[in-house]
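Here the structure comes first, spelled out in structure tokens, and everything after it is commentary.
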Amino acid sequence: MNPQQLSLGVSLNDDATFENFYAPVESPNAQIVASLRQQIETANEPFIFLWGATGSGLTHLLQAACHHAQSLQKSFQYFPLFDLAGYAPDELFVGLEELDLVVLDALEEIINRPEWELALFHLFNRMRDAGKLLVVSAVQGPQELPVNLPDLKSRLQWGATFHVQTLDDSQKQAALQFRAKARGLELSDEVAAYIIQRLPRDMYELFWQLNRLDHASLAEQRKLTIPFVKKILGL
């Protein structure tokens, strides 16, 4: 569907779906998921800005948006700017207004770079004129993000802005168990608490370590016990 995506070597994480994103019912994050789904389906709001702390799940949500667009047979392009900041933005952004959805992950990586800010300003305008959806993320909100180009600064405040909330430790434990269950793993409260207390609280790191445990559990045909987790993760 997206030859440019293939040429850039960019791929989506299969686990990064809306269904796999832990968001307690009635929480702000659950409302964000619902809004993203709706806008991808209807494109009533042409611009969405997500912001939150590192590890809050921004990349997961952006890739989930792409998976959802794909399920609806819509065209899309995902740009992880932390990997692509060395590219020429005008070349990356050419013709993107022909797609239904364009996603830019980690705007902070290209802010304060004149050629990038100008290219993003023009992309914003082309996407809006074409009635297509642009979704971006950053670690700061659109007002706080230190954008140099005044016209771009104002554009970034035009759309719907959502603050993705960081989970507390009990919610991170629940999220870890939620993801484990989706993988067919039994992760008890005791073992989940042990992992949370001894690993960095970043959800990306926690899920990456869960992936290690999943593979080791399958390979050794072992349940996830504290001694087994301690051995595999070197805790």
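Side chains included, hydrogens not; waters and symmetry mates left out as well; all remaining heavy atoms used.
Residues Asp100 and Ser75 share a closest heavy-atom pair of OD2-N, 2.9 Å. In plain terms, the two heavy atoms of Leu62 and Ser137 that are nearest each other are CD1-OG, 3.4 Å. Between Thr17 and Ala64, the shortest heavy-atom distance links the atoms C-CB, 3.5 Å. For the pair His60 and Asn20, the tightest heavy-atom approach, listed with the atom from each and the gap, is CE1-O, 3.6 Å. When all heavy atoms are compared, the tightest approach of Ala65 to Leu101 is O-CD2, 3.7 Å. For the pair Leu61 and Leu50, the tightest heavy-atom approach, listed with the atom from each and the gap, is CB-CD1, 4.2 Å.
Under a 3.5 Å cut-off, the side chain of Glu117 and the backbone N or O of Asn112 do form a donor-acceptor pair. Side-chain atoms of Lys132 come within 3.5 Å of backbone atoms of Glu97 as a donor-acceptor pair (strictly under, hydrogens ignored). Between the side chain of Gln73 and the main chain of Gln70, no donor-acceptor pair closer than 3.5 Å is present. For the pair Gln39 (side chain) and Pro46 (backbone), a donor-acceptor distance under 3.5 Å is absent. Between the Arg212 side chain and the Ile232 main chain, a donor and an acceptor come within less than 3.5 Å of each other. When atom types are taken as modelled, the side chain of Gln63 and the backbone of Asn13 share a donor-acceptor pair closer than 3.5 angstrom. At least one donor-acceptor pair under 3.5 Å links the side chain of Gln157 to the backbone N or O of Lys153.
For the 3.5 Å distance criterion, the side chains of Asn148 and Arg113 fail to qualify, holding no donor opposite an acceptor.
In this view, Glu108 satisfies the salt bridge (Lys or Arg N to Asp or Glu O under 4.0 Å) rule with no residue, not counting sequence neighbours. Asp90 pairs by the salt bridge (Lys or Arg N to Asp or Glu O under 4.0 Å) definition with nothing, not counting sequence neighbours. Taking Trp158 as the reference, Phe124 meet the ring-ring contact (aromatic ring centres under 6.0 Å, His included) condition, with sequence neighbours excluded. Remark: Gln173 engages Gln177, Asp189, Ala192, Ala193, Ile196 in a side chain to side chain contact (heavy atoms under 4.5 Å, CB included) (not counting sequence neighbours). Evaluation of the salt bridge (Lys or Arg N to Asp or Glu O under 4.0 Å) rule for Asp15 yields Arg183 as partners, not counting sequence neighbours. Shown here are the ring-ring contact (aromatic ring centres under 6.0 Å, His included) partners of Tyr22, two or more places apart in sequence or in another chain: Phe178.
Put simply, CG on Leu96 and CG on Leu104 are 8.0 Å apart, with the number rounded to the nearest 0.5 Å. Atom-to-atom distance recorded for Thr59:OG1 and Asp105:CG is 3.5 Å, nearest 0.5 angstrom. Once rounded to the nearest 0.5 Å, the distance linking CD of Gln209 with CG of Leu233 reads 5.0 Å. Here Ser217 contributes atom OG and Leu187 contributes atom CG; the two are 10.5 Å apart, rounded to the nearest 0.5 Å. Interatomic distance, Ser11 OG to Tyr78 OH, rounded to the nearest 0.5 Å: 9.5 Å. Note that NE2 of His122 and CE of Met127 are 15.5 Å apart. Values are rounded to the nearest 0.5 Å.
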Derivation of the side-chain contact (heavy atoms from CB on, under 4.5 Å) call for Arg179 and Leu210: CA-CA 8 Å; Arg179 181 66 65 86; Leu210 180 65; 3.6 Å; yes

Stepwise side-chain hydrogen bond (donor to acceptor under 3.5 Å, both in side chains) test for Asn29 and Ser27: CA-CA 5 Å; Asn29 286 355; Ser27 70; 5.5 Å; no

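Under the 4.5 Å side-chain heavy-atom criterion for ILVMFWY residues, no single connected hydrophobic cluster contains both Leu206 and Trp208. Hydrophobic clustering (ILVMFWY, side-chain heavy atoms < 4.5 Å, transitive): Ile111 and Leu134 are in one cluster. Linking ILVMFWY residues whenever their side-chain heavy atoms come closer than 4.5 Å, directly or via other members, leaves Val191 and Leu218 in distinct clusters.
Classification of Glu220 and Lys231 as a salt-bridged pair holds, one side-chain N sitting under 4.0 Å from a carboxylate O.
Counting heavy-atom neighbours within 6.0 Å of Glu144 CD, excluding the residue itself, gives a total above 12. The local environment of CD in Glu19 is crowded, with over 12 non-hydrogen atoms from other residues, nucleotides or ligands closer than 6.0 Å. Within 6.0 Å of CD in Glu45 there are more than 12 heavy atoms belonging to other residues, nucleotides or ligands.
In this structure, Trp116 has its ring center no closer than 6.0 Å to that of Tyr87. Aromatic ring centres of Phe18 and His68: separated by under 6.0 Å.
Here the options are Val102, Val135, Leu12, the test is side chain to side chain contact (heavy atoms under 4.5 Å, CB included), and the partner is Phe76; only Leu12 passes.
Relative orientation of the Phe93 and Phe79 rings is perpendicular, given thresholds of 30° and 60° on the angle between their planes.
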